[in-house]
Amino acid sequence: MVALAICETQRAPAPRPLGGVDRVARWRRSPGLAALARDRDVSPEVVILTWLCDLGVIPVVGASTVTHAEDLRRVLRCPWDDAAREAMDALFDPHRVARRPPSARRPVRRDGEVVLLMGVQGAGKSTAATAFEAEGYRRLNRDQRGGTLRGLLPLLRDGLAAGHRHWVLDNTYGRRADRARVREVAWAAGAGVRCVELAPPLAQAQINVCRRLLARYGRLPSPDDLRAWQKYDPQAIGPSVQHRYLRAYEPPEENEAFDAIERRPFVPTPVSGSAALFVSGELLLGDDAPQVVATLTSWRAPAAYAYAFSRGRPEQERAAMVRAWGRPLEVAQCPHGGGPPRCWCRPPLPGLLVWLCHRHRIDPRRAALAGRGPIDRQLAEAMGMLFVAM
């Protein structure tokens, strides 16, 4: 069965199950597809659509003209037999994989193991991979070696063939298709596959990224820094990267046929240091600033710091905060303006608080955050600080 959509206006673009004009041109250059098409007196794209139907997939094809629609009807009359299936098996691994259930492909006796560590950027995959390395696993990581996720597959295949039977891969692997490629390489070599999912709250993953940037560069990056660092450092990511990952994320499921799916709870890394009081700059710029300062002064905190998002006049705003506080006060500010977040220092992102803790060796568990509203409360909870509602 083929679902056909005839689009009569440019407002309704035709479906493109073959990837559009450019991708169809690539299919036509495939010698194997060309041979199958000649034997059946059809075009290579008709061969592919017939292949999808044989796999039980109903392709929704688009036709912008009646002539094109008539040509697509040949999909229903294109002969398809075991010889064609074997030919497609040889041309495309997905055809072989789709025709054989996991139970028929997974090795009965498994020698060795490939561990897939998956999770959003900042989930702690590198730390987990280091623990596996201590147990004798060999690590494959695209960020360290360069290239793509697919580029790791030949290295894994060759390593397994050379007798190295335990591997850990720790890139994000948030898509089923990426995990499936690793699984098929491992199974073909007779190794088992375990999926370990690290799923911290997003706020904690953001804190981890900020700490990693501070450890690598000693400071929080500006938007210009991020653009420069990303040219050579895959881990110099902006806040939008994590959101894109989570939007496209496909959680591992039982039907992926892993030997095990292990979901590990997040365990924060303890940070030692002194106590402190953090104050939202908005409290020091409001009409009730004197009352706020009087209340917070009674806390007798050993040190106090303010954090704020600049409204466009950072120097004047900092001076006003210091005057309201009435004594020396370090103010950490995000000066990067509105719009989509391009930096890690704009609240509710945690960069300013992480930087202040890093700079002054403060233990967040011994700190309090005085603020007003859900953004300040969210920051306090993510950092593990006591929230003081003002």
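Here the structure is a predicted model, which means the values were calculated and not measured.
Between Arg194 and Glu113, at least one side-chain N (NZ, or NE/NH1/NH2) sits under 4.0 Å from a carboxylate O, which counts as a salt bridge. A salt bridge links Glu330 and Arg359; the closest N-O separation between the charged side-chain nitrogens and carboxylate oxygens is under 4.0 Å. Contact check on Asp81 versus Arg40 returns a salt bridge, with a Lys/Arg side-chain nitrogen under 4.0 Å from an Asp/Glu carboxylate oxygen.
Within the 4.5 Å cutoff, the side chain of Phe266 has heavy atoms near those of the Asn208 side chain. The shortest side-chain heavy-atom distance between Trp355 and Cys345 does not fall under the 4.5 Å cut-off. Residues Phe278 and Pro364 have side chains not in contact (no heavy-atom distance under 4.5 Å, counting atoms from C-beta outward). Using a 4.5 Å heavy-atom cutoff, the side chains of Val354 and Met383 are in contact. Within the 4.5 Å cutoff, the side chain of Ser126 has heavy atoms near those of the Asp170 side chain. With contacts defined as side-chain heavy-atom distances shorter than 4.5 Å, the pair Gln316/Ser310 does not qualify. Residues Leu352 and Phe309 form no side-chain contact, since every pair of their non-hydrogen atoms from C-beta on lies 4.5 Å or further apart. At least one side-chain heavy atom of Leu379 sits less than 4.5 Å from a side-chain heavy atom of Tyr307.
Under a hydrophobic clustering in which Ile, Leu, Val, Met, Phe, Trp and Tyr are joined whenever their side-chain heavy atoms come within less than 4.5 Å, directly or via other members, Trp187 and Val185 fall into the same cluster. Both Tyr232 and Leu213 sit in one connected hydrophobic cluster of ILVMFWY residues. Membership requires side-chain heavy atoms under 4.5 Å apart, directly or through other members. Under a hydrophobic clustering in which Ile, Leu, Val, Met, Phe, Trp and Tyr are joined whenever their side-chain heavy atoms come within less than 4.5 Å, directly or via other members, Val115 and Ile261 fall into different clusters. There is no path of hydrophobic side-chain contacts, each under 4.5 Å, that joins Leu296 to Tyr305. Residues Leu140 and Met118 share a hydrophobic cluster, clusters being chains of Ile/Leu/Val/Met/Phe/Trp/Tyr side chains in contact below 4.5 Å.
With hydrogens and angles ignored, the 3.5 Å screen pairs a side-chain donor or acceptor of Arg366 with a backbone N or O of Gly273. Panel note: side chain Arg142, backbone Leu149; no donor-acceptor pair is recorded below 3.5 Å. Judged by distance alone, the side chain of Asn171 and the main-chain N or O of Asn141 form no donor-acceptor pair under 3.5 Å. Put simply, the side chain of Glu256 gets close to the backbone of Glu253: a donor and an acceptor are under 3.5 Å apart. The backbone N or O of Ile237 lies less than 3.5 Å from a partner atom in the side chain of Trp344, making a donor-acceptor pair. The backbone N or O of Leu160 lies less than 3.5 Å from a partner atom in the side chain of Arg165, making a donor-acceptor pair. Under a 3.5 Å cut-off, the side chain of Arg318 and the backbone N or O of Val331 do not form any donor-acceptor pair. Panel note: side chain Lys125, backbone Val120; a donor-acceptor pair is recorded below 3.5 Å. Within the 3.5 Å criterion, the main-chain N or O of Leu156 finds no donor-acceptor partner in the side chain of Arg138.
For Arg313, the CZ atom is loosely surrounded, since the number of other residues' heavy atoms within 6.0 Å does not exceed 12. No more than 12 heavy atoms of other residues, nucleotides or ligands shown are found within 6.0 angstrom of CD on Glu315.
Side-chain contact check for Asp225 and Tyr217: no donor-acceptor pair (N or O, by modelled atom type) lies under 3.5 Å.
Leu277 contributes atom CG, which lies 9.0 Å from atom OG1 of Thr297 (distance to the nearest 0.5 angstrom). Considering CZ of Phe387 and CD of Glu381, their distance stands at 8.5 Å, rounded to 0.5 Å. From Leu353, atom CG reaches atom CD1 of Ile207 across 8.5 Å, with rounding to the nearest 0.5 Å. Here the CD atom belonging to Glu262 is positioned 12.5 Å from the CG atom belonging to Leu116, to the nearest 0.5 angstrom. In this structure, CZ on Arg216 lies 10.0 Å from CH2 on Trp229, to the nearest 0.5 angstrom. Between the CD atom of Glu317 and the CD atom of Gln333 there is a distance of 5.5 Å, given to the nearest 0.5 Å.
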Next on the checklist: Quick one, Arg361 with Ser274, criterion side chain to side chain contact (heavy atoms under 4.5 Å, CB included). Give me CA distance, side-chain angles, the key distance, then yes/no.
Outcome noted: CA-CA 6 Å; Arg361 300 183 181 276; Ser274 60; 5.6 Å; no
Next on the checklist: Show, in sequence, the C-alpha distance, side-chain angles and deciding distance for Leu220 and His358, and conclude whether the side chain to side chain contact (heavy atoms under 4.5 Å, CB included) test is met.
Outcome noted: CA-CA 11 Å; Leu220 285 178; His358 175 83; over 6 Å; no
Item to check | CA sep, side-chain torsions, deciding dist, call: Arg106, Asp259, side chain to side chain contact (heavy atoms under 4.5 Å, CB included) | outcome: CA-CA 9 Å; Arg106 182 166 54 188; Asp259 290 326; 3.8 Å; yes
Item to check | Asp376 vs Met390, side chain to side chain contact (heavy atoms under 4.5 Å, CB included): CA-CA, chis, key distance, verdict | outcome: CA-CA 10 Å; Asp376 296 326; Met390 301 299 295; over 6 Å; no
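Contact detail for Ala389 and Arg377: the closest heavy-atom pair is CB-NH2, 4.4 Å. Here the closest heavy-atom approach between residue Arg365 and residue Val271 is recorded as NH2-O, 3.5 Å. Of all heavy-atom pairs spanning Met321 and Ala308, the tightest one is CE-CB, 3.5 Å. Considering all non-hydrogen atoms of both residues, Leu226 and Gly238 come closest at CD1-CA, 3.9 Å. What you find for Cys357 and Met385 is that their closest heavy atoms are SG-CE, 3.9 Å. The shortest non-hydrogen separation linking Cys343 to Pro221 is CB-O, 4.4 Å.
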Just distance, no hydrogens or angles: give the donor-acceptor pairs under 3.5 Å from side chains in residues 195-203, sequence neighbours left out.
| from | atom 1 | to | atom 2 | distance (Å) |
| --- | --- | --- | --- | --- |
| Glu197 | OE1 | Arg263 | NE | 2.7 |
| Glu197 | OE2 | Tyr249 | OH | 2.2 |

Kindly list each side-chain donor-acceptor pair under 3.5 angstrom involving residues 282-292, sequence neighbours excluded, with atom names and distances?
| from | atom 1 | to | atom 2 | distance (Å) |
| --- | --- | --- | --- | --- |
| Glu282 | OE1 | Arg311 | NH2 | 2.4 |
| Asp288 | OD2 | Arg372 | NH2 | 2.9 |

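Ring orientation note: the planes of His166 and Tyr137 are nearly perpendicular, at an angle over 60° on the 30°/60° scale.
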